[in-house]
Visitor: 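Sending over a structure as structure tokens; questions will come in a sec.
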Amino acid sequence: MTDARIPRALTIAGSDSGGGAGIQADLKTFQELGVYGMSALTAVTVQNTLGVHGVYPLPPEAAAEQIEAVGGDIGVDALKTGMLFNAEIIRLVADRIRVFGWERVVVDPVMIAKGGAELLRTEAVDALKRELLPLAMVVTPNIPEAEVLAGMGIRTRHDCREAARRIGGLGPRIVIIKGGHGSFEEDGDQVVDLVYDGTGFTELSAKRVNTVHTHGTGCTFSAAITAGLAQGLSAFDAIQSGRLFIQAAIEDGLNLGQGQGPTNHWAYNRRRQEVLQ
Ligand SMILES: Nc1ncnc2c1ncn2[C@@H]1O[C@H](COP(=O)(O)OP(=O)(O)OP(=O)(O)O)[C@@H](O)[C@H]1O
Ligand SMILES: Cc1ncc(CO)c(N)n1
């Protein structure tokens, strides 16, 4: 029998049939990081590297019941939310997080897929802000999502800091505004993720990889942070280790399909094995 105390993580998110984003990316990431992965599905998307071709939300109770089933039986050390699609799903998910008293919660406020498809109804943004963000230990908006949550445009690094402060005011303990969508002038060839912990700012910089194969970067990054939290890392250490995981996954991105290929979930472990050999 193996160790019964393997860390356990739950993803509450949508399915990506192409396997690069959504629950598929999350479960692959949990597995690579040695964490037992569970899922509560909110929607099925018809998706490949060319984009999202269909969205089929599940009844909101389906997500709530899946959460109850695994929370009450297997237990959850940390969880993340991804695509939640509508306000009713958000309300039920937030309610279950409160009832279980889970604190190691990462909210990836997924709104629009890279090709432009709506993964969160516009009218659900309010529910996300009011119901879910106060329960988050870490929230991980990209720049367009941060603009929506903060209610302001982000054109400069100064704007980015102001947006992080405003999002922090909605209740999460740590806000990370991810820099994948664009650099500010002073960033040069670096991609910079801005971390705000309610008092100060930290900038996590890495070399910007020149690639189109970035499908699922946000899901994979937030899943890696969740895995770190499930293993008992501090939020900041989980974020830093998540950054290493996503950097390797993007650098070794997979040229699959005819469009934007997925990141490579094996890359991080493969590199570690190479170092050990
Ligand atoms: N070209 C790149 N080179 C290096 N790191 C990148 C690159 N693009 C994105 N990242 C990193 O990937 C992580 C996810 O950021 P990104 O802004 O792409 O998220 P996202 O837009 O939410 O992704 P998704 O397409 O899954 O919605 C961040 O840590 C970001 O810095
Ligand atoms: C199901 C799903 N969740 C999240 C994303 C993020 O872009 C996506 N493309 N698909």
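One-based numbering, in listed order, for ligands and for the atoms of each.
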Visitor: Hey, is Ala21 one of the residues with a heavy atom under 4.0 angstrom from ligand 1?
Guide: no
Visitor: Any idea which protein heavy atom is nearest atom 22 (O) of ligand 1, and the distance to it?
Guide: Lys178 NZ, 2.7 Å
Visitor: Mark the output for Glu251 as yes if a heavy-atom distance to ligand 1 is under 4.0 Å, and as no if none is.
Guide: no
Visitor: Please state which protein non-hydrogen atom is closest to atom 4 (C) of ligand 2 and give its distance, to 0.1 Å?
Guide: Cys219 SG, 3.5 Å
Visitor: Quick check: closest heavy atoms across Ile23 and Ser15, and the distance to 0.1 Å?
Guide: CG1-CA, 3.8 Å
Visitor: Which option wins on minimum heavy-atom distance to atom 8 (C) of ligand 2: Thr217, Asn142, Asp16, Leu119?
Guide: Leu119
Visitor: With atoms numbered from 1 as shown, which atoms in ligand 1 lie under 4.0 angstrom from a non-hydrogen atom of Gly216?
Guide: 26 (O)
Visitor: Counting heavy atoms only, which part of Ser15 comes closer than 4.0 Å to ligand 2: side chain, backbone, both or neither?
Guide: backbone
Visitor: Is a side-chain donor or acceptor of Asp77 paired with a backbone partner of Arg8 at a separation under 3.5 angstrom?
Guide: yes
Visitor: So for Ala206, does at least one of its heavy atoms come nearer than 4.0 angstrom to any atom of ligand 1?
Guide: no
Visitor: N/O to N/O below 3.5 Å, does that happen between Val209 and ligand 1?
Guide: yes
Visitor: Heavy atom to atom 10 (N) of ligand 2, shortest distance: which of Gln47, Met111, Lys114 holds it?
Guide: Gln47
